[in-house]
Amino acid sequence: MSQVLPDSWQHHLGPEFDAPYMQALRDFLAREKAARKVIYPHSAHWFRAFELTPLDQVRVVILGQDPYHGPHQAHGLCFSVRPGIPAPPSLQNIYKELAQDLGVTPVPHGFLETWARQGVLLLNSVLTVEQGNAGAHRGQGWETFTDRAIQVVNEQCEGVVFLLWGSYAQKKAAFVDRQKHLVLHAPHPSPLSAHRGFFGQRHFSQANAFLSARGRQGIDWQLPMQPEG
C-alpha cells in the first residue's frame with residue numbers, strides 16, 4: 001500500500017501506516033487481489049480525498065460509508081462518481097437540496113472534485129470495496145484510519161463544518177468538539193430516508209454563514225456544467 005498524502009496530513013497520519021492494524025489491512029487487500037477480486041477504487045485513488053484537500057485547507061467535512069461498488073464509479077471521494085457517470089440517487093438528492101437552499105443549478109454529472117479542491121473533505125469511512133459486494137471491506141482496518149483522520153481535523157483545525165448525514169456518520173464523528181466546530185445532523189440523502197428530514201435542512205447555507213462569521217470564505221457549491229479534472 002503506497003500512500004501519497006500532502007505534508008500536512010502526512011505529519012499526523014504517517015505513523016498510522018506503520019501500525020499493526022494497517023499491516024493487517026495491507027495483508028487483507030493483498031489476499032483479495034491474489035484471489036483476483038476487483039477492488040474499487042483503483043489503488044491510485046484510495047487517498048484521493050486527502051490529496052485534494054490538505055489538512056490546512058479543510059473547511060467542511062462530509063462523511064460517507066463505502067465507495068460505490070459498480071464499474072467506473074468510485075474515485076476516492078464520498079458521494080462523487082467519475083466523469084461520464086450519472087449522479088447516483090443520493091447525490092441527486094443533495095443537488096435538489098442545494099437548489100432549494102442556495103439556488104444552485106443541478107449539473108448533469110456527479111464529479112465533485114471542484115468541492116474537494118475548495119476545502120470540502122469528502123471522506124468515506126472505508127476506502128475500498130469489492131466489485132458488486134457492498135460493504136465487503138468493512139471491519140478490516142479502514143475505519144480506524146479514517147477515525148484518526150477525523151480526530152486530526154477536530155484537534156488541528158478551527159471552525160470546520162461537519163455535515164453528518166445518517167446515523168452512521170453521526171456516530172463516527174460523535175466526539176467532534178462542538179465548541180470549536182459546527183456539527184450539523186440530518187437523515188441520509190438516500191431515496192430511502194431523504195424525505196424524513198434531509199430536505200429543508202439548509203446545511204449548505206448554514207455552513208457558509210458559519211465560515212463567513214469566522215472570516216473564512218464560504219464554499220462555492222455550484223459545480224461546473226462539465227466536470228473538471
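A donor atom on one side chain and an acceptor atom on the other are found under 3.5 Å apart for T128 and H137.
In this structure, CD in E155 is found 12.0 Å from CD1 in I150, a value given to the nearest 0.5 Å. Here L163 contributes atom CG and I62 contributes atom CD1; the two are 5.0 Å apart, rounded to the nearest 0.5 Å. To the nearest 0.5 Å, atoms NE2 (H188) and CD1 (I94) are separated by 7.5 Å.
With hydrogens and angles ignored, the 3.5 Å screen pairs a side-chain donor or acceptor of Q118 with a backbone N or O of D220. Using a distance-only test at 3.5 Å, with no hydrogens or angles considered, no donor-acceptor pair links the side chain of S212 to the main chain of N208.
Other residues sharing a hydrophobic cluster with Y40 under the 4.5 Å side-chain heavy-atom criterion for ILVMFWY residues are V38, V129.
For P86 against V81, the heavy-atom pair with the smallest separation is O-CG2, 3.8 Å. Closest approach of Y95 and G110 over heavy atoms only: OH-CA, 3.6 Å. Of all non-hydrogen atoms in W46 and P41, the two that sit nearest each other are NE1-O, 3.0 Å.
Separation of the Y21 and F28 ring centroids does not fall under the 6.0 Å cut-off. For H12 and F145, the ring centers are positioned 6.0 Å apart or more.
With sequence neighbours excluded, no residue satisfies salt bridge (charged side-chain N to carboxylate O under 4.0 Å, His left out) with D27. With sequence neighbours excluded, no residue forms a side-chain hydrogen bond (donor to acceptor under 3.5 Å, both in side chains) with R216. With sequence neighbours left out, Y168 forms a ring-ring contact (aromatic ring centres under 6.0 Å, His included) with no residue at all. Checked against side chain to side chain contact (heavy atoms under 4.5 Å, CB included), A186 has the following partners two or more places apart in sequence or in another chain: W165, F198, Q201, H203.
Side-chain heavy atoms closer than 4.5 Å link hydrophobic residues (I, L, V, M, F, W, Y) into clusters, and following such links, possibly through other members, connects L63 to V126. Tracing side-chain contacts under 4.5 Å through hydrophobic residues (I, L, V, M, F, W, Y), one reaches F50 starting from F162; they form part of the same cluster.
Counted within 6.0 Å of CD on Q217, heavy atoms from surrounding residues, nucleotides or ligands total 12 or fewer; the atom is thus considered open. In this structure, D177 places its CG atom where more than 12 heavy-atom neighbours from other residues, nucleotides or ligands lie under 6.0 Å away.
Pairs engaging residues 83-97 under the salt bridge (charged side-chain N to carboxylate O under 4.0 Å, His left out) rule: none recorded [sequence neighbours left out].
Electrostatic pairing of R48 and E113 counts as a salt bridge here, judged by a charged N lying under 4.0 Å from a carboxylate O.
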